[in-house]
Amino acid sequence: MTQDHGRREELAANLADVEGRIAAACTSAGRPREDVQLIVVTKFFPRSDLDLLAGLGVTEIGENREQEASAKLAEGGTPPGVRTHFIGQLQSKKATAVARWADVVQSVDRDKLITALARGAEAAERELTALIQVNLDPGAGAGRGGAEPADVPALADQIASSSLRLGGLMAVAPLDADPDAAFERLARLHERVLADHPQAEMVSAGMSGDLEAAVRHGATHLRVGTAILGTRVSHR
Ligand SMILES: *Cc1c(COP(=O)(O)O)cnc(C)c1O
């Protein structure tokens, strides 16, 4: 009980710090705070943290591994009022399982996955929003996932004509490059997608280390793990 209390205090303090950073970033970018949503990434951390976060008012959580997330959410279902985002690389054969619990899949990067997710969402009779993950690291190959920027307009058309809802774009900044330049490219690509699909308003970019840059370049969703949950527990 005391341990749980300590963890709650820790999460509350970290959330307050991150909230302060987001508010400051919005102010310097001249953007209203309401334009930016915080998604707390709970991968590697136990179900009890999810419940504590929900109790602290967190409404969006992110997970990156299907099995881990499904197991966590099976214990008592998704906490009330919480939307779940899948942000990890996804094999088509796991799409059905993800479609059972995710509200948003942010890592859609190929046509096979669109077909599989649409089928899964239909089978589960659920509304599923898809973001196209964009590879912003031309040198990296397909290692971290993501569609090539040139392929994004066609993928957007395909999602829009499926039973999935096209939400927008998602990206991870390249490891050792300037996040501002990468997020700027993402913003330009987003403008292009918006011209054909005005409903695709979401831009998911920015993590613990680069959320300020993401806010500067128009991110609507930030995916923050470490700065709130801490470093992953070593035995996982
Ligand atoms: C883990 C993860 C995050 C969170 O990263 P932190 O640096 O811990 O904030 C964001 N996006 C994706 C895709 C992730 O896998």
Side-chain angles (χ1 to χ4, degrees), residues 7 10-11 13-22 24-25 36-46 49-50 53 56 58-70 72-73 82-91 94-95 98 101-110 113 117 129-137 140-147 152 167-180 182-183 186 190 202-234 236:
R7 182 58 169 159
E10 184 184 4
L11 292 173
N14 291 346
L15 269 172
D17 280 352
V18 168
E19 180 51 47
R21 285 175 61 190
I22 298 172
V36 181
Q37 284 263 4
L38 171 64
I39 301 167
V40 180
V41 178
T42 48
K43 68 182 184 202
F44 309 135
F45 289 90
D49 280 350
L50 232 87
L53 289 164
L56 290 166
V58 167
T59 57
E60 317 276 326
I61 61 129
E63 287 281 341
N64 77 334
R65 288 191 298 187
E66 187 280 315
Q67 265 178 308
E68 179 188 337
S70 293
K72 244 183 247 181
L73 296 171
V82 170
R83 272 161 55 86
T84 54
H85 299 253
F86 185 80
I87 62 172
Q89 287 184 48
L90 184 57
Q91 296 169 273
K94 301 261 179 83
V98 166
W101 57 264
D103 296 300
V104 183
V105 175
Q106 300 205 353
S107 44
V108 178
D109 59 2
R110 59 197 188 279
L113 193 50
L117 283 169
T129 295
L131 304 191
I132 302 170
Q133 183 177 354
V134 184
N135 177 11
L136 293 177
D137 192 354
R144 293 176 93 192
V152 167
L169 304 182
M170 179 273 237
V172 177
L175 270 181
D176 34 39
D178 173 18
D180 277 284
F183 292 147
L186 181 66
H190 184 235
M202 296 169 68
V203 179
S204 172
M207 320 201 309
S208 295
D210 57 17
L211 68 87
E212 285 83 2
V215 169
R216 262 197 297 282
H217 295 286
T220 62
H221 289 71
L222 308 171
R223 308 176 308 270
V224 180
T226 317
I228 293 166
L229 278 300
T231 312
R232 66 185 279 189
V233 281
S234 55
R236 298 295 292 268

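Whatever order the structure lists ligands and atoms in, that order sets their numbers, starting from 1.
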A.B. asks: Indicate yes or no: at least one non-hydrogen side-chain atom of Asp137 is less than 4.5 angstrom from one of Leu175.
C.D. replies: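 They are not in contact (no side-chain heavy atoms under 4.5 Å apart), so the answer is no.
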A.B. asks: For a 4.5 angstrom cut-off between non-hydrogen side-chain atoms, does Val172 reach Arg223?
C.D. replies: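 Counting from C-beta outward, Val172 and Arg223 do come under 4.5 Å.
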A.B. asks: How far is atom 10 (C) of ligand 1 from the closest protein heavy atom, and which atom is that?
C.D. replies: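 Nearest neighbour among protein heavy atoms for atom 10 (C) of ligand 1, to 0.1 Å: Met207 SD, 3.1 Å.
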A.B. asks: Report the nearest protein non-hydrogen atom to atom 9 (O) of ligand 1: residue, atom name, distance rounded to 0.1 Å.
C.D. replies: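 The answer is Ser208 OG, 2.5 Å.
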A.B. asks: Heavy-atom distance under 4.5 Å between the side chains of Asn135 and Asp109, does that happen here?
C.D. replies: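 Heavy-atom side-chain distance check fails, nothing below 4.5 Å.
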A.B. asks: Measure Gln106 to ligand 1 on non-hydrogen atoms and call it side chain, backbone, both or neither using the 4.0 Å cut-off.
C.D. replies: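 No part of Gln106 is near ligand 1 at this cut-off.
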A.B. asks: Near Val224, which atoms of ligand 1 are under 4.0 Å from a heavy atom of that residue?
C.D. replies: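 It comes down to these atoms of ligand 1: 9 (O).
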A.B. asks: With heavy-atom distances below 4.0 Å as the criterion, list the atoms of ligand 1 near Thr226.
C.D. replies: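 It comes down to these atoms of ligand 1: 6 (P), 7 (O), 8 (O), 9 (O).
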A.B. asks: Just to confirm my output: which protein heavy-atom neighbour is closest to atom 11 (N) of ligand 1, and how far is it?
C.D. replies: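 For atom 11 (N) of ligand 1, the nearest protein heavy atom comes out as Arg223 NE, 2.8 Å.
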A.B. asks: Using a 4.0 Å cut-off to any heavy atom of Lys43, which atoms of ligand 1 qualify?
C.D. replies: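 Checking each atom against Lys43, I get 1 (C), 2 (C), 3 (C), 14 (C), 15 (O).
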A.B. asks: Distance to 0.1 Å, residue and atom name: give those for the protein heavy atom nearest to atom 13 (C) of ligand 1.
C.D. replies: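 It is Ile87 O, 3.5 Å.
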A.B. asks: In the structure I gave you, are the side-chain heavy atoms of Leu211 and Leu38 within less than 4.5 Å of one another anywhere?
C.D. replies: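 SC-SC contact between Leu211 and Leu38 ruled out.
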A.B. asks: Contact between Ile39 and Ile87 at the side-chain level, heavy atoms closer than 4.5 Å - yes or no?
C.D. replies: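 Heavy-atom side-chain distance check fails, nothing below 4.5 Å.
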A.B. asks: Using only heavy-atom distances, determine whether the side chains of Glu63 and Thr42 contain a donor-acceptor pair under 3.5 Å.
C.D. replies: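 Note: Glu63 and Thr42 side chains meet the donor-acceptor criterion.
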A.B. asks: Can you check whether Val82 reaches Leu53 side chain to side chain, under 4.5 Å on heavy atoms?
C.D. replies: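 Not in contact.
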A.B. asks: Counting both backbone and side chain atoms, is some N or O of Gly225 under 3.5 Å from an N or O of ligand 1?
C.D. replies: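 There is such a contact, yes.
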